[in-house]
2 protein chains.
Amino acid sequence: MPRRREARDKVTIIDIADAAGVSKSTVSLVLTGRGSVKSETRERIHKAMDALGYVYNRGAANLRNSDSKIVGLVLNDLSNPFFAEFAIGVESVLQMAGYVAFMANTAESIVRQAQVMRMMREHGAGGIILCPALDTAAEELAWADTADTPLLVAIRRLPGVAASTVIPDNTAGSARITRHLLNLGHKRIAYIGGMHSMVVRQDRFLGFSGAMAAAGNAIDPGLNIESMPTRDGGFSAMGAALALPDRPTAVVCYNDVVAIGAMLAAAKRGLVVGRDIAICGFDDTSEARHVSPALTTIAVDAVGLGERAAAMLLERITNPDAPATTHIGPADLVIRESCGAYHHALQAAG
Amino acid sequence: MPRRREARDKVTIIDIADAAGVSKSTVSLVLTGRGSVKSETRERIHKAMDALGYVYNRGAANLRNSDSKIVGLVLNDLSNPFFAEFAIGVESVLQMAGYVAFMANTAESIVRQAQVMRMMREHGAGGIILCPALDTAAEELAWADTADTPLLVAIRRLPGVAASTVIPDNTAGSARITRHLLNLGHKRIAYIGGMHSMVVRQDRFLGFSGAMAAAGNAIDPGLNIESMPTRDGGFSAMGAALALPDRPTAVVCYNDVVAIGAMLAAAKRGLVVGRDIAICGFDDTSEARHVSPALTTIAVDAVGLGERAAAMLLERITNPDAPATTHIGPADLVIRESCGAYHHALQAAG
DNA sequence: TCCAGAAAATGGAACGTTCCATTTATTTCT
DNA sequence: AGAAATAAATGGAACGTTCCATTTTCTGGA
């Protein structure tokens with residue numbers, strides 16, 4: 001098997017210079033487009049480059065001028081479509097700006113998170129976008145204070161960290177969907193899913209309780225049920241809610257995946273979701289649309305948040321002395337079938 | 001606002017050396033763990049490192065020894081959960097091996113793909129895993145022949161490219177699910193979704209037609225319907241199939257997302273999927289489980305494929321003269337509700 | 001106590017770029 | 001044609017590390 005593998009050692013700027021009969025400085029000039037070189041020479045150099053299969057060595061270049069055009073993106077859970085969409089948003093604006101993203105998945109492990117962020121900094125990332133793993137401590141991110149690698153925290157805010165932040169309006173969104181249920185006539189409403197140590201849950205619960213209070217509705221502490229923010233978590237939390245002597249007529253869930261688990265639990269007990277009980281989610285992942293009945297939820301525009309995060313980080317990279325800022329994105333109600341708004345409308349009309 | 005930002009310029013190995021009262025060579029020794037240094041000195045050096053907030057400069061190091069511990073991962077469609085899962089698999093084995101992934105999403109754009117791969121090579125990626133965008137030409141990947149950056153092509157094979165390959169067994173999987181329909185008594189079976197220019201569709205269609213032929217079943221060319229491999233594509237292709245004078249009783253879809261579109265189209269015409277018509281998919285994405293009725297499909301273990309791809313690439317990086325190899329992963333039938341196997345069983349029993 | 005050998009530490013060249021200070025070539029003006 | 005001005009090209013130091021060849025320091029045995 002005659003495997004062609006001629007140019008074993010990598011070809012450098014100097015090889016190009018020799019081939020084109022100029023000095024390495026001239027080659028550098030055309031590479032960076034900085035000086036002025038005769039177009040004829042430039043052409044000769046380009047020809048030499050692809051004749052020899054030259055590939056630019058950014059590592060070497062960065063050694064001198066250190067603007068690496070790379071940005072780290074650290075995600076806590078890539079298997080959640082929400083974060084995949086967020087990543088797409090980030091990626092698209094980075095790519096547009098000539099940056100490339102170093103992307104990593106921590107799977108909610110803070111040790112992996114630490115490893116990965118170190119690696120990124122070692123590789124010269126110009127900035128890092130972090131969707132923090134559960135239980136990330138502010139101290140772990142202390143380097144962001146001092147270092148010249150700007151940090152942007154996204155989706156889960158991190159109190160006590162000197163970093164720009166991009167999150168959806170969890171509180172307003174949650175209040176909005178709660179009011180929706182209230183308007184449909186519900187009074188006994190449960191809040192399920194998520195652990196109380198999670199800031200995101202705190203924010204969302206705040207919206208829930210605020211809306212309840214504003215409507216003069218008491219919250220039964222027994223209807224505030226924690227669980228892992230997963231489908232299984234939603235399933236068991238809903239089971240607990242339904243086992244109550246005085247069961248709720250509606251439940252607002254921490255997020256879509258919890259809501260889907262909750263729907264399964266309700267269906268298992270013979271309840272028709274959207275008629276016998278109202279269930280709603282948060283995030284508007286694509287699953288929310290496909291599940292049956294389709295899930296009423298809060299849309300937070302994951303892609304848009306990603307784009308915004310990237311833009312804000314880029315801004316801080318080019319202008320390192322700008323202060324850290326916070327962006328809070330919209331959270332809009334999308335009404336589908338799982339809360340029975342349609343049923344309700346029919347009934348009101350008839 | 002008193003923003004602390006003392007050590008503006010980055011601290012180097014030499015600063016550490018000074019602080020610890022040794023030479024830079026000694027610091028390098030402890031960094032790489034290569035030579036033998038007194039544990040007392042090592043400790044002193046470590047202390048100096050985190051006192052000064054040192055971060056290792058891999059770019060500089062690679063300049064000398066060029067094993068960069070970075071691998072590129074180029075995905076054609078991150079919004080498809082299948083690829084997100086694949087990425088998770090890749091990432092996990094890379095991370096285990098001390099590598100970090102440079103991940104990028106091409107969104108099926110071959111120009112973005114070219115850009116991104118160039119960037120990765122410029123940044124010194126030791127190898128690249130590519131899930132090629134639609135219409136990727138073999139010539140674009142010519143560098144893989146010559147260069148010292150091994151390439152691994154995944155999910156969509158690329159005829160004529162000198163690269164290792166990891167794909168699921170599309171043909172066998174497709175044959176398997178077709179036989180399932182045949183066993184349920186279907187004879188008029190359509191194949192819908194995907195464009196005929198896609199190798200993956202060719203492979204899957206081959207399995208379909210093989211199984212049909214083996215059962216002595218003719219394929220009506222009118223029942224081979226192309227579409228974009230998206231939900232909308234599936235929707236319209238199914239619409240076309242159902243508009244036929246002699247409509248099929250079962251349809252095998254290019255993949256899950258096409259199948260979900262097809263289910264929507266069938267439901268819209270008042271057909272109950274799984275009773276009036278059988279529909280099946282390919283991939284076993286998480287949506288397949290959640291959709292209603294749950295989708296019968298072919299599971300290809302995206303995470304496993306990713307792990308395998310990463311392992312194979314790593315193998316080629318450490319052993320560059322090993323020949324390119326191909327791995328074909330399993331494709332297993334998972335029976336749910338959308339093909340009416342349950343109905344069928346009841347009927348047979350009763 | 002001295003020496004051999006091992007252990008520990010060091011200096012300096014190299015890696016592939018950039019960029020400053022120069023030199024060399026080309027144009028323009030009188 | 002010659003000088004002045006501009007354009008084009010160059011040499012070499014620097015960036016932060018590694019690693020080879022050395023030198024220095026330590027250890028234990030006679």
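Convention: sequence-line order gives letters A, B, ...; per-chain numbering from 1.
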[X] vs [N]: side-chain N/O to OP1/OP2 distance below 4.0 Å:
X: A:Ser28; N: C:dT17; result: no
X: A:Arg34; N: C:dC19; result: yes
X: B:Thr32; N: D:dT18; result: no
X: A:Ser23; N: D:dT10; result: yes

What contact category does A:Leu31 fall into here, base, sugar-phosphate, or nothing, at under 4.0 angstrom with non-hydrogen atoms? nothing
Taking any heavy-atom pair under 4.0 Å as a contact, classify B:Thr26: base, sugar-phosphate, or nothing. base
Picking from [options], which would you name as closest to the side chain of [X]?
X: B:Ala61; options: C:dT18, D:dG16, D:dT18; answer: D:dT18
X: B:Lys38; options: C:dT10, D:dT17, C:dA8; answer: C:dA8
X: B:Ser36; options: D:dC15, C:dT17, C:dA8; answer: C:dA8
X: A:Thr41; options: C:dT17, D:dA8, D:dT10; answer: D:dA8
X: B:Asn65; options: C:dC15, C:dT17, D:dT18; answer: D:dT18

In whole Å, what is the span from the [atom1] atom of [X] to the [atom2] atom of [N]?
X: A:Glu122; N: D:dG16; atom1: CD; atom2: P; answer: 15 Å
X: A:Asn62; N: D:dT17; atom1: CG; atom2: C1'; answer: 14 Å
X: A:Ile45; N: C:dT17; atom1: CD1; atom2: P; answer: 13 Å
X: B:Arg64; N: C:dC15; atom1: CZ; atom2: C1'; answer: 6 Å
X: B:Met49; N: D:dG16; atom1: CE; atom2: P; answer: 17 Å
X: A:Asn57; N: C:dG16; atom1: CG; atom2: C1'; answer: 6 Å
X: B:Lys69; N: D:dT18; atom1: NZ; atom2: P; answer: 14 Å
X: A:Ile13; N: C:dC15; atom1: CD1; atom2: C1'; answer: 13 Å

Could a donor-acceptor pair under 3.5 angstrom be found where the side chain of A:Ser25 meets the base of D:dG11? yes
Of B:Arg44 and A:Val55, the one whose closest nucleotide on DNA chain C sits nearer the 5' end is B:Arg44
Could you pick out which residue, B:Arg42 or B:Lys24, lies toward the 5' side of DNA chain C when each is mapped onto its nearest nucleotide? B:Arg42
Counting neighbours of CG on B:Asp67 that are heavy atoms of other residues, nucleotides or ligands and sit closer than 6.0 Å, is the number greater than 12? yes
Side chains of [X] and [Y] in contact at under 4.5 Å (non-hydrogen atoms):
X: B:Trp143; Y: B:Thr149; value: yes
X: A:Arg112; Y: A:Val74; value: no
X: B:Val116; Y: B:Phe102; value: no

Could you tell me which non-hydrogen atom of A:Val93 sits nearest to which non-hydrogen atom of A:Glu307, and how far apart they are? CG1-CA, 3.5 Å
Less than 4.0 angstrom from a charged side-chain N to a carboxylate O is my criterion; do B:Glu108 and B:Arg156 meet it? yes
